Amino acid sequence: MKKNYSFIFLLFTIFLSAQNKVLDSLAVVLSQTTNLPKRTQLLNKISDSYKTSDPNAMQKFANEALELAKKTNNTKEEVLAYQNLGTSHIILGDYRKAIQYFDLTEKKLTGLNRTDQEIQEILAKTFGSKGIIYSEQNNYSLALSNDFKAMKIYEDTRNEVQLSKIYNNIGVIYQSIDDNDKALYYFLKSYVLQKKVKAASLGAVCSNIGLIYLDKNLPEKAKVFFDEGLNEFRKNPNPRDLGELYNSLSQYYISKGQVEKAKAYLLKAEETFKSIDDKFGLSDTYLFLGRIYFNEDRLDQSLELANKSLAISKDLNLPETNVKSEELLSRIFDKKGNVKQALIHLKNYSTEKEKLLKTENAKERIKTELNFEFERQKIEQKEKTDREKMKWYFGFFMLMIILTGIFFFFRNKEREKTILLQKQLAEFQHKALHLQMNPHFVFNCLAAISSFIMQNDKEEAIKYLAKFSKLMRLTLDFSKESLITIDKEIESLKNYLELEQLRFNRKFDFKIYKDPLIEDDTALPSLLLQPYIENAVIHGVVPKEGKGFIRIKFEQTKESLICEIEDNGIGIETSKKLKENSVNIHKSMAMDISQKRLETLEKLEKKEVNLTIREIKRPDGAVEGTRVFLELPLEYIKN
C-alpha cells in the first residue's frame, strides 16, 4: 500500500483560501519593504507558503531570496532558499535536483553555529527531506541514515511536533521492507507524540498502525486504530490517506466475512482516489474489488477491474501488484474456460513472481543492513541513556558528598559551640560559688558567731555554727554538680535563710512552698537561685521598717519549672537610692553572673528561659515589695 509520510507535500484545495490571505498579507509587506535582509526573509516566507499550491511560484520566490541572500552575505537566508528550492523539486518529482539543493543546504549549515537551535532545526528538516527522497527511490539505507540524523536533532531540541513526524517516516521505511515489528515500534512512538501535540497527521499514523495489526492477524486491534483514524480525518481531511484507510478497512471486513461492508468501503476509496487523481491508491482498490467480484462469480466485472489494476501497476512499476493482478487474471480466464488466456497470464504471473522474488531478496539484504543500523541506534541510545544515568548518579553522589560535608561541618560547629557553652556555664558556676562564699558573707557569719560567744549565748552560737558549716558543706557539694534536685535546693535555701534570720535577729520570716505534683528527681542548675534570695534579704526586707517576709514557691507546668521569689521589702527603686556601694557591687556581680548563666543555659538546651523582676504595687501605686519570676526548662536527674 501507499506510504503515508508526514513530510510529504500535497496540494490540498481546502487550504487555498487561508493560504491566499497569508500570501496577500506577505506580498503587501514585501511591497512596502526596502530593507534587503528583511526583503530576503519575506521572499523565503512567501516561497514556503506556496509549497501546498504552486511549486513553480515557490521556486520563483526562492530564487529571488537566494540572489538577495548572496548579495548581502546572509548565510541563514541563503540556506532557507536552498531548502525551499529542494522542497519544490520534491513536489515536482525531480529528486536529483532536490538532493543537490539539500546537499548545498547541509554544506552551508556546517559553517554556521551548530549550537543554535534554529540552525539545528533547519538541518534536521534537511535530513528529513533527504530521507523522503531516498525512501521514494527505494534507497532505504540512506533514507534511514538521514531520518536517524533528523531524529537525534529533534530529540536533543525536544521538538515533539517534528519528532512525531520523523518517527512516522522511519516506520514507513521499515514497513516498506516488510519489517513490521520495527515499523510498529516507530508508528506507536509517533502515535503517542501526535496525540500529545494534537497533530493534524494523527489519522495517517492510526491508519499505518491499524494496517500492521491487520497483517499480524489482530483484526480487533486494527479496527480500534482504523476507527480513530476515521475520526481524525473528519477533523483534518486528507483525501489520499483517507482513501488508503478505506482500502485497509475493506480488508478488515473481508477477514470478518462481511463482504458488503468491504465493498462499500472500496467504492468510497475509489471515489476518494479519483477526486485527487491518485492512481497508486486506485491500483489496490481495483485489485481488492476484482477479487470480491471473482468470488461472487461476477467474472466480467472482476476481469475489468483486474485489467485496470494491472495497467496502473505496470505504469507505476509496482511488482507486488503486478503479481497479484496477473494471478487474478489467470484464475478469471481459467474459470471462464479460456485456457489459452489463463496460461498466458499464468506465465506472466511466474515472470512477475521471479521479479518480485528478486525485489524481496533485495529487501531482505536491506533489512539485514537496517537491522544492523537499528541495533547500532539502540546501542547508541542505550549508551546515551546510560551516560545520562551516570550523570545523574554522579551528580547525586557529589550532592551527597557536599551535603555530608556540610552536615559534618555544621555538626562540628555545633559541637564546638556546645563545648564553649558548657565551658562558660562551668565558669559562671565557679564564679557563683565564689560569690556564695565571698569573704564579706563569711566574715559576717563568723562575726555573728563570735558575738554569740562573747554574749555567752553558747546555744545560739552552736546553732549558728552548725547552720553555717552545713551551708558551706552543701555549697561545696553542689559546686561539683551542674544540676541538683529541687529538694536539695530547697534544703540549701532554707539553711541560708535561717542563717540570715539569726544574723539579722529575726528581722524577717520566710516560707518555701513546693507543688506536690513536682517529682523528686526534678532538677535545676545548682547555685542559681541564691543571688535572688540574697537580694531579697539584703535589699528588700532588711532595710524595711517592721518585719519582713519572703515567700519562695516552686510549681510545674507541662514543660517548665516555675520559681517565684516574693518579698514585702522596700522595692527596687528605693533600694537603688540607698547606695550601699560595697554590697551593691557584690549584688551586681552576682545578678550579672546569674543572668549570663541563664542565657548560656538557654543556648545550650535550645529551650526558652524566662526571667522577670518587677515591683509589687497596690492599686494606689504604693510599693509592697518585689517579685522574681523564673521559668526554666523541665529537667530531671538521671540515676
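Values in this document were obtained by computation on a predicted structure and should not be read as measured data.
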Only one of I312, L310, D315 clears side-chain contact (heavy atoms from CB on, under 4.5 Å) with S283; which?
-> I312

Does E118 CD have over 12 foreign heavy atoms under 6.0 Å away?
-> no

Report the C-alpha separation of L80 and Q41 in whole Å, then their side-chain angles, then the decisive distance to 0.1 Å, and conclude whether the side-chain contact (heavy atoms from CB on, under 4.5 Å) test is met.
-> CA-CA 9 Å; L80 288 172; Q41 189 179 20; over 6 Å; no

Close side-chain approach of E121 to Y154, heavy-atom, < 4.5 Å = yes

Counting only heavy atoms not in E271, do more than 12 sit closer than 6.0 Å to its CD atom?
-> no

Just checking, is any N or O donor in the side chain of Q59 or S88 under 3.5 Å from an acceptor N or O on the other one?
-> yes

Taking atom CD of Q258 as the centre, report whether more than 12 heavy atoms of other residues, nucleotides or ligands fall under 6.0 Å from it.
-> yes

Under 3.5 Å, side chain of S47 to main-chain N/O of M58, donor-acceptor pair present?
-> yes

Within the side chain of T40, is there an N or O that forms a donor-acceptor pair under 3.5 Å with the backbone of A65?
-> no

Is any side-chain heavy atom of E77 less than 4.5 Å from a side-chain heavy atom of T72?
-> no

Taking 4.0 angstrom as the limit, do E220 and K256 come out as a salt bridge?
-> yes

Is the Y191-F225 ring centre distance short of 6.0 angstrom?
-> yes

Hey, does the side chain of S330 reach the backbone of E326 with a donor-acceptor pair shorter than 3.5 angstrom?
-> no

Spell out, as yes or no, whether a donor-acceptor pair under 3.5 Å connects the side chain of T87 to the backbone of Q83.
-> yes

NZ/NE/NH1/NH2 to OD/OE distance under 4.0 Å, K355 and E352 = yes

Parallel, tilted or perpendicular, as decided by the 30° and 60° cut-offs, for the rings of Y174 and Y186 | parallel

